[in-house]
Amino acid sequence: MNLLLIVLLPIIGALLPPLAIRFGRSASAWTAMAVTAASLMLALEPLRAVFGGAPVAAHWAWLPQAGLDIQLRMDGLAALFVLLILGIGLLVILYARYYLSERDPMGRFYGMLLLFMGAMLGIALSDHLLQLVVFWELTSLSSFLLISYWHHRTDARRGARMALAITGAGGLAMLAGFLLLGHIVGSYRISAILDSGDLIRAHPLYAPMLLLILLGAFTKSAQFPFHFWLPHAMAAPTPVSAYLHSATMVKAGVFLLARLYPALSGTELWFLVVGGTGLATLLFAAYTALFKHDLKGLLAYSTISHLGLITLLFGIGTPLAAVAGVFHIINHAIFKASLFMAAGFIDHETGTRDMRLINGMSVSYTHLRAHETVLDLVCRLLLE
């Protein structure tokens, strides 16, 4: 039951911050933090079991005649993503309390953020392909709302539509691939699919099924040539960029690669498509980032490059490379979320993200008090 509550609590709790805003901005923020912390507390028991080497699974009958049941499972990979989603989510909620201005509707922001959080938890814990698709599309919808949060801005509306169109189209392709995969194995249960790798790789439908699934993973993780939506999504508030576009949403694609790696990898097609796409994304985005003067633009292309590196590691197809890929998921989520929040803090205090103007943090270009350090400002904001 805990696994279901971990997912449902943020989704249902998304209704609370808009109601709590009548008691003040801090009340709305603390409500969102309380919901996230409660979900994290519920995750402690299954996490303890997983770390002890015993995956936790749960199953509830829903539409058994149609083969649709609620199936959740927490193993090591799911546990990692649960900790990233909830841990970084807590920090982003605290950061957003001091980042958003008095004019921004904070209750609506936290409600949409919790909805997205619950959808990502659903992806991480799903043990059924069709159930995973539902949460996958819910992340696309909630990210559309978050990217367009400043809906009075043309670039925010355009970036949100682009992100929804690209990731939504990739999700449809992925659904078709999942239907083929379920047909091959005779089951949509992910744990059963992971035990059927030899059957899948030897099937005549392996190639089209793999390409369709990879389309979904590549569009979600902004792989070349589908990368262009991510820089446009930087029109979102910085807490959204720190959470969705470095730590969680763009990690959904590489999570899918890691989740299905035991069943789909080990073929020349996997090596060429996954490894080749990852290498092209890594090199192209790293080169493009060199010429960016906007802080968030630079971090966006850096994110794309690191996602390309993770994809390349999974594409290599060796156990050690896969372990390195999972490690870099953790590594990148932590440092890139921190960098985005630092960039937002600089933008918030200086009024610009142009590195040519803020180079050296000269007082002629900033609103910072003389001799006040970034750490001093962070402490001041947290103590207000």
Side-chain angles (χ1 to χ4, degrees), residues 14-15 17-18 21 25 28 32 92-93 95-97 99-120 135-173 216 218-253 285 288 292-304 307 336-337 340-341 343-344 346-348 351-354:
L15 300 172
I21 194 64
R25 291 160 57 84
S28 182
V92 168
I93 290 170
Y95 175 82
R97 163 62 184 87
Y99 179 86
L100 297 176
S101 72
E102 297 278 347
R103 300 182 302 274
D104 294 324
M106 186 170 283
R108 178 164 64 88
F109 176 85
Y110 282 132
M112 293 185 298
L113 192 71
L114 288 177
L115 178 63
F116 175 83
M117 183 184 295
M120 277 301 305
F135 287 115
W136 187 279
E137 297 302 338
L138 187 56
T139 61
S140 295
L141 178 60
S142 52
S143 68
F144 169 81
L145 297 173
L146 284 166
I147 295 170
S148 61
Y149 175 72
W150 285 331
H151 51 78
H152 58 279
R153 291 173 45 175
T154 302
D155 57 343
R157 298 195 303 271
R158 182 171 59 249
R161 289 195 299 267
M162 187 179 298
L164 182 63
I166 299 300
T167 59
L172 290 176
F218 290 165
T219 53
K220 201 75 161 182
S221 287
Q223 297 297 292
F224 181 86
F226 309 106
H227 64 282
F228 54 87
W229 69 265
L230 185 57
H232 286 88
M234 292 301 110
T238 297
V240 174
S241 300
Y243 193 50
L244 274 67
H245 303 140
S246 65
T248 52
M249 176 182 168
V250 293
K251 293 295 192 303
T288 305
K292 295 296 176 183
H293 300 295
D294 177 76
L295 269 176
K296 285 180 70 175
L298 169 66
L299 292 177
Y301 277 99
S302 171
T303 295
I304 295 170
L307 292 170
K336 190 54 66 64
F340 266 112
M341 288 190 278
I346 293 170
D347 181 27
H348 191 278
T352 181
R353 298 199 306 257
D354 192 326

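One is the number of the first residue; the rest follow in order along the sequence.
The distance from the OH atom of Y99 to the CG atom of D347 is 5.0 Å, given to the nearest 0.5 Å. In this structure, I21 CD1 and M106 CE are separated by 6.5 Å, a value rounded to the nearest 0.5 Å. Rounding to the nearest 0.5 Å places CG of L145 at 12.0 Å from CG of L113. For the atom pair OH of Y301 and OG1 of T288, the computed distance is 5.5 Å after rounding to the nearest 0.5 Å. In this structure, T219 OG1 and L230 CG are separated by 12.0 Å, a value rounded to the nearest 0.5 Å. To the nearest 0.5 Å, atom NE2 of residue H227 and atom CG of residue L307 are 12.5 Å apart.
What you find for M341 and A242 is that their closest heavy atoms are CG-CB, 3.8 Å. Closest approach of P18 and G111 over heavy atoms only: CD-CA, 4.4 Å. Of all the heavy atoms in M117 and I93, the pair that sits closest is CE-CD1, 4.3 Å. What you find for T167 and M249 is that their closest heavy atoms are CG2-CE, 4.0 Å. Closest approach of P239 to V92, counting heavy atoms only: O-CG1, 3.5 Å. The nearest pair of heavy atoms linking S140 to L164 is O-CD1, 3.8 Å.
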**Message:** Run D294 and K296 through side chain to side chain contact (heavy atoms under 4.5 Å, CB included) and show every step you take.
**Reply:** CA-CA 6 Å; D294 177 76; K296 285 180 70 175; 3.6 Å; yes
**Request:** Test side chain to side chain contact (heavy atoms under 4.5 Å, CB included) on I147 and H245 and set out the steps.
**Result:** CA-CA 10 Å; I147 295 170; H245 303 140; 3.7 Å; yes
**Request:** Output, in order, the C-alpha distance, side-chain angles, deciding distance and verdict of side chain to side chain contact (heavy atoms under 4.5 Å, CB included) for L146 and Y243.
**Result:** CA-CA 11 Å; L146 284 166; Y243 193 50; over 6 Å; no
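Checked against salt bridge (Lys or Arg N to Asp or Glu O under 4.0 Å), R25 has no partners two or more places apart in sequence or in another chain.
A ring pair (Phe, Tyr, Trp, His ring centres under 6.0 Å) with F109 holds for exactly one of Y95, F116, Y149; it is Y149.
A donor-acceptor pair under 3.5 Å is formed between the side chain of K220 and the backbone N or O of W136. Of the possible polar contacts, one joining the S142 side chain to the T139 backbone as a donor-acceptor pair under 3.5 Å is found. Side-chain atoms of S221 do not come within 3.5 Å of backbone N or O of K251 as any donor-acceptor pair.
Residue pairs meeting the salt bridge (charged side-chain N to carboxylate O under 4.0 Å, His left out) criterion with at least one partner in residues 147-163, sequence neighbours excluded, are R153-D155.
Proximity of F224 to I304: side-chain heavy atoms (C-beta onward) are nowhere separated by under 4.5 Å.
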